[in-house]
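Some notes on the structure that comes next.
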Amino acid sequence: MEAQATATVKEALSALYHHPDDAIRTAADRWLQKFQHTLDAWQVADTLLHDEKSNLETLMFCSQTLRSKVQRDFEELPSEAFRPLQDSLYGLLKKFNKGPPKVRTQICIAIAALAVHVPVEDWGGGGIVNWLGDEMQSQQEFIPGFLELLIVLPQETSSYKIAARPERRKQFENDLCSSANVALSLLTACLGFDEMKEQVMEGFASWLRFCHGITASTLASHPLVHMALSLLNTDQFLEAAVNVTSELIHFTVSRDSSGVTEQFPLIQILIPHVMGLKEQLKDSSKDEEDVKAIARLFADMGDSYVDLIATGSGDAMQIVSALLEVTSHSEFDISSMTFNFWHHLKRNLIGRDSYTSCGSEMSIEAERNRRMQIFRPPFEVLVSLVSSRVEYPEDYNTFSEEDRRDFRHARYAVSDVLLDATDVLGGDSTLKILFMKLIQACGSGAEQNQNWQPVEAALFCIQAIAKSVSIEEKEILPQVMPLLPRFPHQEQLLHTVCSTIGAFSKWIDAAPAELLILPPLVDILNKGMSTSEDTAAAASMAFKYICEDCRGKFSGSLDGLFQIYHVAVSGVGGYKVSSEDSLYLVEALSVVITTLPPDHARRAVELICMPVINSLQEIIQQGEDALQQVPARQLTIHIDRLSSIFSNVKLPEVVAEAVNKYWPTLKVIFDHRAWDTRTMESLCRACKFAVRTCGRCMGITIGAMLLEIQTLYQKHNQSCFLYLSSEVIKIFGSDPSCASYLTCLIQTLFNHTIQLLRTIQDFTARPDIADDCFLLASRCIRYCPDLFVPTETFPRLVDCAMAGITIQHREACKSILCFLSDTFDLAKSPEGEKYRELINTIVLQRGATLTRVMIASLTGALPSGRLEEVSYVLLSLSRAFGGNMLSWTRDCIALIPPQALTDSERSRFLTIISDASSGSSLGSLTDRFAEISEVCRRNKAVQEIVQAALQPHDLNFMGVPQHS
């Protein structure tokens, strides 16, 4: 049998790598992947690895197979198989001591995984590290392989490919910490081999995470540390030395029990060696990758020692100077490495927690002012340095889309740095620095058609800090605004000019009237809307901000605003505003209308709605067939504008009159396009905003709207009808006068949904309906429980929810779980006392099955990304039904076979449920639930065993992935 399997593997590998037919290669690959999950794979892989005739392709496949089997399927083997497996892997490590390197690496990872699985005693009294030390001493010819294993051991500790129980993983980490001194001694012994220095440094960097028991003073004099620091000045080993030095820096700030003072012996030798590399940052002959490594080291030092640097000592300012050197580097990838440091330094300087040791408020303020003054010059230099990074390259038009995206991201990153600087320097002071950049870019005459890139860059930086500039600023902005109309109308520059106008809308509103700033700026926005789609987008957005913040200045200019609006939405007149961007203009006009007296506002709403309604009526008047066949976009483009009007005209009575007036038009679209999801979503969104703005002013229209959606929902199953109903419940749910038609709405919608969602397959096919249905149900529990909980529909909806708990759609799953936890919380709350007996009856009848489904969800039926929501449902259920929940849980986990869950793990699970019923917080329980979840998901076989045991026969479940 084994011989036949071995031969088949060889044939499949030959086909995979050498057969000319793609279909044959694909089939071979599929068979080999399936084979790796079989029990036979252990012996076949081992046999072929020991076979001297195996070629490289076979060795690679079999080493990967054996590695993955040890990682995830070790529990398949009987306990007595450990020793033969250990001996075999040890033999293979020696066999492949000199290569092939990739095969040797797989064997090392397999041995490391084996060490994670088994207790320290199985390797002898001292564990795997001591065992390895003995082997290295007695068999020095195999040191390359032993050294790689020593490197891999700490790296594999955090690998979740290894299907070990959490407590075993923690114990292995503790074992490594106990063995750290031995490991460092072994690495030190290998320093004598020049050809192994790079590997020794890699191993040292890996082991530093486990050196908790070694003091900083001990490391400061350790030969490995001195070797690493000396290698910083070599080209051959620079990368490895930088990695070690970074880990040493992190070591000094990650100690749990000791303060920074105790780390000084190590810090005091690290910083001078790093600072000694400063000149190499400017060395043009240096390899770019080496410069990046050195820059990364400076950035790590800055981030790690930011608390020390923030004190502003002389030594600290030398580090700041070096970091400014990195920031000034011409390559953005290198320069940007320091951006996190500047952010963290800013937070330290302005954060109150940084000064708690100063004592009194007066002392805190004095120290804060001292530090802020010390760091003003570096942050001023920082502003000058980064502001030049945003300049458009001359060849920007030849950039690929990916390069353009990278350039945009670089500009966003610089914007963040500039905002950090404003927190230290103040927005107005930062503005002065950037204004000087703008003046320099403009040259002798701003109105000349000068090189536009530097002007645009300075202006981009100015608009980036707009929110930090005081609206009372009187020195710089009164000089900036008159410059804007004089700049050339180059596309990117005009885009930034428009964005700048929008960014400073609040300042423009507060500016003295005699400056006459607004009219020429509106002219610029008009020009932006007619230049290109990009500039039109920026101009439309700016117009929205201007109207929002300067609405009082526009109330006498409605004719001009309506002219702009009509040109934009009609598509004639030269504007290049897209339909999406036109919504900004609708919003702009709407907020201005809100400032008008009611009579004027009614007329203005009629004028703003007229182009929209007329366009919809033109389509309707073409006949039923035309309305049925018109593309959805030709309807939604107008309906979305109505949504914006209903949302932004904050005059309930005025909007309610408009909704009532235009309802017949909307109803026709409801009636004839109810099959069209896109149109219905747009229309329901408009109705949602109408309900939200108008509230109880809607009058009879709300009744007509609800009758429409409940009738159409039963025919067309559009989930947006449920979402609109949720908004109605939120607004009207507590109004007794609405109880009658809301009860009818609830019953109709839920009863129909229950018919649609009978099995998990139904939920999977209709996730949007599931999501919106249970969102509506939760709203009913919160806003109108009297209309919902006592009805016959409520227990049927609980049954429906139970059938859909394991849906993989994230939002639908969350809505279902939220509905269930809201139900249990209601039973426990003072407000829900009158429903307690009813809810208790419903849950007690279903508790055993519900608990089983929830524990199945926790242990693998749902992705691990749902852990918090699942934990909260279990918590709510435990709080409301403590003793019963404990009993249900005990019965449920008794179904799980012992190879998946041990007695101690069962006991721990029951303790978690008991603690939950006693009032433990969600945060403390979620981590404990996560450990049980991890145990039951530790490999595919265990997860399948658990799910097979927990699957109720009366509910339909589907196979599910482990990750979201």
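Computation of the quantities below employed the complete heavy-atom set of this structure, encompassing side-chain atoms and omitting hydrogens, waters and symmetry-equivalent molecules.
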Are Trp123 and Val129 close enough that some pair of their side-chain heavy atoms sits under 4.5 Å apart? no

Pairwise side-chain contact, Thr188 with His222, heavy-atom cut-off 4.5 Å (strictly under): yes

Evaluate the side-chain proximity of Ile334 to Phe298: yes if any heavy-atom separation is below 4.5 Å, no if none is. no

Ignoring hydrogens and geometry, is there a side-chain-to-backbone donor-acceptor pair from Ser933 to Phe929 under 3.5 Å? no

Between Thr157 and Glu173, a side-chain donor and acceptor under 3.5 Å: no

Heavy-atom side-chain contact between Lys94 and Glu135 under 4.5 Å: no

Which is it for Thr65 and Gln36 under the side chain to side chain donor-acceptor pair (under 3.5 Å) test, yes or no, and what are the steps along the way? CA-CA 6 Å; Thr65 299; Gln36 287 180 314; 2.9 Å; yes

Donor-acceptor under 3.5 Å (Thr252 side chain, Gln263 main chain): no

Assess the residue pair Glu931 and Lys170 against the criterion (salt bridge (charged side-chain N to carboxylate O under 4.0 Å, His left out)); give the C-alpha distance rounded to whole Å, side-chain angles, the decisive distance to 0.1 Å, and a yes or no. CA-CA 12 Å; Glu931 285 197 2; Lys170 290 176 185 174; 2.7 Å; yes

Let's go through Ile271 and Asp315 carefully: what are the C-alpha distance in whole Å and the side-chain angles of both, what is the deciding distance for side-chain contact (heavy atoms from CB on, under 4.5 Å) to 0.1 Å, and is it a yes or a no? CA-CA 10 Å; Ile271 290 179; Asp315 290 341; over 6 Å; no

Does any N or O in the side chain of Tyr355 come within less than 3.5 Å of the main-chain N or O of Leu349, such that one atom is a donor and the other an acceptor? yes

Quick check against the 3.5 Å criterion: does Arg928 have a side-chain atom that pairs as donor or acceptor with the backbone of Leu925? no

Between Arg104 (side chain) and Lys95 (backbone), is there a donor-acceptor pair under 3.5 Å? no

Step by step, would you call Asp175 with Phe210 a side-chain contact (heavy atoms from CB on, under 4.5 Å)? CA-CA 9 Å; Asp175 294 341; Phe210 297 92; over 6 Å; no

Tell me the closest heavy-atom pair linking Val291 and Gln280, and the distance in Å. CG2-O, 4.3 Å

Could you grab the distance from atom CG of Leu219 to atom NE2 of His226, nearest 0.5 Å is fine? 10.0 Å

Please find the pair of heavy atoms, one from Pro265 and one from Ser217, that lie closest to each other, and give the distance. CB-CA, 3.9 Å

Using the test side chain to side chain contact (heavy atoms under 4.5 Å, CB included), find all partners of Ala413 that sit at least two apart in sequence or belong to another chain. Phe332, Phe339

Heavy-atom distance under 4.5 Å between the side chains of Arg169 and Glu934, does that happen here? yes

Below 4.5 Å, heavy atoms only, C-beta onward: do Glu331 and Lys292 meet side chain to side chain? no

Would the distance check show the side chain of Ser304 and the main-chain N or O of Met301 forming a donor-acceptor pair, the cut-off being under 3.5 Å? no

Charged N to carboxylate O below 4.0 Å: is that the case for Lys69 and Glu76? yes

Parallel under 30°, tilted from 30 to 60°, perpendicular over 60°: which one fits the rings of Phe379 and Phe375? perpendicular

Could you tell me the separation between the CD1 atom of Ile267 and the CD atom of Glu262, rounded to the nearest 0.5 Å? 11.0 Å

Classify the angle between the aromatic ring planes of His117 and Phe74 as parallel (below 30°), tilted (30 to 60°) or perpendicular (above 60°). parallel

Are Lys161 and Gln71 close enough, and set up right, to give a side chain to side chain donor-acceptor pair (under 3.5 Å), and what steps lead you there? CA-CA 6 Å; Lys161 291 180 180 178; Gln71 284 179 326; 5.7 Å; no

Residues in ring pair (Phe, Tyr, Trp, His ring centres under 6.0 Å) with His329, at least two apart? none

Tell me, yes or no, whether the heavy-atom count around Glu141 atom CD, taken from other residues, nucleotides or ligands under 6.0 Å, exceeds 12. yes

N/O donor-acceptor pair under 3.5 Å between Ser185 side chain and Asn181 backbone: yes

Measuring only between side-chain heavy atoms, which start at C-beta, is Glu148 closer than 4.5 Å to Pro101? no

Drop me the distance from Glu239's CD to Asp287's CG, to the nearest 0.5 angstrom. 10.0 Å

Is the number of heavy atoms from other residues, nucleotides or ligands within 6.0 Å of CZ (Arg347) greater than 12? no

Could you tell me if Arg937 sits above the aromatic ring of Tyr160, with its cationic atom closer than 6.0 Å to the ring centre and no more than 45 degrees from the axis? no

Can you measure from CG (Leu150) to CD (Gln199) and round to the nearest 0.5 angstrom? 12.0 Å

Main chain of Phe341, side chain of Thr338: is a donor-acceptor contact present, judged purely on distance under 3.5 Å? no

How far does CD1 of Ile107 sit from CG of Leu49, to the nearest 0.5 angstrom? 5.0 Å

Candidate pair Gln86 and Leu114, rule side-chain contact (heavy atoms from CB on, under 4.5 Å), full reasoning: CA-CA 8 Å; Gln86 182 194 32; Leu114 187 61; 4.1 Å; yes

Using a 3.5 Å distance criterion without hydrogens, assess whether the side chain of Arg209 forms a donor-acceptor pair with backbone atoms of Pro154. yes

Tell me the closest heavy-atom pair linking Arg168 and Val116, and the distance in Å. NE-O, 2.6 Å

Going by distance alone, is a donor N or O of one side chain under 3.5 Å from an acceptor N or O of the other, for Asn939 and Asp73? no

Counting C-beta onward and ignoring hydrogens, is there a side-chain heavy-atom pair between Asp300 and Val274 closer than 4.5 Å? no

With side-chain contact (heavy atoms from CB on, under 4.5 Å) as the criterion, how do Phe204 and Leu208 come out once you've worked through the C-alpha distance, each side chain's angles and the decisive distance to 0.1 Å? CA-CA 6 Å; Phe204 185 31; Leu208 275 169; 3.7 Å; yes

For Arg83, I'd like to know if atom CZ has over 12 heavy atoms of other residues, nucleotides or ligands within 6.0 Å. yes

Approximate separation, where rounding is to 0.5 Å, of Arg352 CZ and Ser354 OG: 11.0 Å

When you measure from the side chain of Thr902 to the backbone N and O of Glu905, does any donor-acceptor pair fall under 3.5 Å? yes

